[in-house]
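Only one structure is covered here, and it is reproduced in the block below.
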Amino acid sequence: MSNTGEADSFHIECCNIEHHMLLLTYDTYQGATFMSITHAILGILSWKSVTGYDLKKIIQESPFMYWSANNNQIYKSLVQLLDEGFATCEVQHQESSPSKKIYTITEEGLAELKNWVLSTPEPPDLKKSFLIQLAWADQLNTDELNALLTKYEEEVRTQILLQQEQKLRGPFSPGRTAREICLWDMIYDNLIDFYKREWEWIQKLRSELRIPIEKEENQMNVQIIERGTKKYVEYTSAETPLSTRQDALDLIARCFEHDTNLLVLHAEALSDDFFNLKTGLAGEMLQKFINYRVKAALIITNEQVVKGRFKELLAEANKGNDFRVFGSAGEAEAWLLNF
């Protein structure tokens, strides 16, 4: 009985210790995450004074500031910075628009930012769900495994083009000194090199598994239209109509290859599945355009295809600034060239 009681006591104590360590780890992780986005915001404010909306946009469009940057995250961090005296807030009243709050870093905030920059960096974080998929991929036949690798390859290829395009644009690089320009350029190079190494690793994986690339290219009829300093890709037709999410990625890649994120699509180039919401194709393709920040205009001259739930989808899409439908090429171009 005594041994049993000691064993139970030991088990309970171990569970308590394990529970405490889990809580400590969780709290530490939560704190680190919160402080990281807070210091990212301090970094942006050290560059220039901005609104909460501006902060959200900068973080969301940054390839290396990995937070979702929802309003709760942003404003919770701003409240903390104000409370600690690291930032100030000025309300600017506007005659024709709502008032806006401008946030500015303080001397104390600059000192806090420098202290954080000098702190010990965290080790690289490796989170790739594809590796978990691959770990259990032996149950797939050769064709299925090839399809899985092909999908991942296309995602990686599109990311390479996206990061290269973002580096060329460099919209949120402060560029205050030559060294700062170099630092930001090297950050983009780090991201591009990561995806290039990933691509090379996939080719090595294919070689080890003896699964060659067997992809038949869908010959796309695209034109590059230039209007002054702006240009867009116009897609009129293909040997086979666009019918897969992969086709959407190929179009996105074409845009990035020509250093633009503006795209004009003609309805005749799309398969019937695109106009049938039950297939999910329209949703998948539009989501890809949004994910890769491609502004797409669809030209539909045959109104007979616009009916039912698809008509509702288009009405909702036309409220945003990512994808819109027009009845003529002139209207589509006029909308795109505003970006």
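Annotation for Q92: atom CD counts as buried by contact number, over 12 foreign heavy atoms lying within 6.0 Å. Other residues, nucleotides and ligands contribute only 12 or fewer heavy atoms inside 6.0 Å of the CG atom of D138. Heavy atoms of other residues, nucleotides or ligands lying less than 6.0 angstrom from CZ of R210 number 12 at most. By the 6.0 Å contact criterion, NZ on K231 is enclosed, its count of non-hydrogen atoms from other residues, nucleotides or ligands being greater than 12. No more than 12 heavy-atom neighbours from other residues, nucleotides or ligands sit within 6.0 angstrom of OH on Y53.
Under the 4.5 Å side-chain contact rule for hydrophobic residues, M65 and I37 share a cluster. Hydrophobic cluster membership is shared by F86 and W116, with clusters built from Ile, Leu, Val, Met, Phe, Trp and Tyr side chains linked at under 4.5 angstrom. Neither I58 nor I290 shares a network with the other; the hydrophobic side chains, linked directly or stepwise wherever heavy atoms of I, L, V, M, F, W or Y lie under 4.5 Å apart, form separate groups for each. Side-chain heavy atoms closer than 4.5 Å link hydrophobic residues (I, L, V, M, F, W, Y) into clusters, and following such links, even through other members, never connects V294 to I160.
The backbone N or O of N146 lies less than 3.5 Å from a partner atom in the side chain of T150, making a donor-acceptor pair. Under the 3.5 Å distance criterion, the side-chain polar atoms of D189 are left unmatched by any main-chain donor or acceptor of M186. Checking side-chain atoms of K230 against main-chain N and O of L336 turns up no donor-acceptor pair under 3.5 Å. In this structure, the side chain of D247 engages the main chain of T244 through a donor-acceptor pair within 3.5 Å. Side-chain atoms of E316 do not come within 3.5 Å of backbone N or O of E312 as any donor-acceptor pair.
In this structure, L265 and L251 have side chains that are in contact, with non-hydrogen atoms separated by less than 4.5 Å. The shortest side-chain heavy-atom distance between T38 and L78 does not fall under the 4.5 Å cut-off. N141 places none of its side-chain heavy atoms less than 4.5 Å from the side chain of L145. In this structure, Y235 and V264 have side chains that are not in contact, with every pair of non-hydrogen atoms separated by 4.5 Å or more. For the pair V233/Q223, no side-chain contact is recorded, criterion being any heavy-atom separation below 4.5 Å from C-beta on. Under the 4.5 Å side-chain criterion, counting only non-hydrogen atoms from C-beta, I44 is in contact with I59. Side-chain contact between Y292 and L249 is present, with at least one heavy-atom pair separated by less than 4.5 Å. Within the 4.5 Å cutoff, the side chain of Q73 has no heavy atoms near those of the K56 side chain.
Nearest heavy atoms, N318 versus V325: OD1-N, 2.9 Å. Listed here is the closest heavy atom pair of G85 and T106: O-OG1, 2.6 Å. Counting all heavy atoms, side chain and backbone alike, L298 lies closest to H266 at CD1-C, 4.1 Å. Residues E180 and P174 approach most closely at OE1-CB, 3.4 Å, considering heavy atoms. Minimum interatomic distance between K101 and C89 (heavy atoms only, all atoms of both residues): CB-SG, 3.6 Å. W201 and L131 make their closest contact through CH2-CD2, 3.9 Å (heavy atoms, listed as atom of the first residue, atom of the second, distance).
Residue L262 holds its CG atom at 8.0 Å from CZ of F339, rounded to the nearest 0.5 Å. Taken from CD1 in I102 to OG1 in T88, the straight-line distance is 10.5 Å, to the nearest 0.5 Å. Taken to the nearest 0.5 Å, the CD atom of Q133 stands 9.5 Å off from the CG atom of L140. Here the straight-line distance linking atom CH2 of W199 with atom CZ of F194 works out to 14.5 Å at 0.5 Å rounding.
Considering only residues two or more places apart in sequence or on other chains, E155 meets the salt bridge (charged side-chain N to carboxylate O under 4.0 Å, His left out) condition with R245, K288. By the side chain to side chain donor-acceptor pair (under 3.5 Å) test, E284 pairs with no residue at all, sequence neighbours left out. For Y152, the ring-ring contact (aromatic ring centres under 6.0 Å, His included) partners at least two apart in sequence or on another chain are F130. Every residue two or more places apart in sequence or in another chain was checked for a side chain to side chain donor-acceptor pair (under 3.5 Å) with S46, and none qualifies.
Checked by atom type, the side-chain pair E198/Q159 shows no donor-acceptor distance below 3.5 Å.
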Considering only distance and modelled atom types, tabulate donor-acceptor pairs under 3.5 Å from the side chains of residues 269-276, sequence neighbours left out.
{"from": "S271", "atom 1": "OG", "to": "L242", "atom 2": "O", "distance (Å)": "3.0"}
{"from": "S271", "atom 1": "OG", "to": "D273", "atom 2": "N", "distance (Å)": "3.4"}
{"from": "N276", "atom 1": "OD1", "to": "K278", "atom 2": "N", "distance (Å)": "3.2"}

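Salt bridge status for R157 with E154: present, with a side-chain N to carboxylate O gap under 4.0 Å.
For residues 321-335, the pairs satisfying side-chain hydrogen bond (donor to acceptor under 3.5 Å, both in side chains) are R227-E333, Y232-E333, K295-D322, N321-R324, S328-E331, with sequence neighbours left out.
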inquiry  = Checking S99 against H93 for the side chain to side chain donor-acceptor pair (under 3.5 Å) test, could you report, in this order, the C-alpha distance in whole Å, the side-chain angles of both residues, the deciding distance, and whether it holds?
reply    = CA-CA 4 Å; S99 300; H93 299 288; 2.8 Å; yes
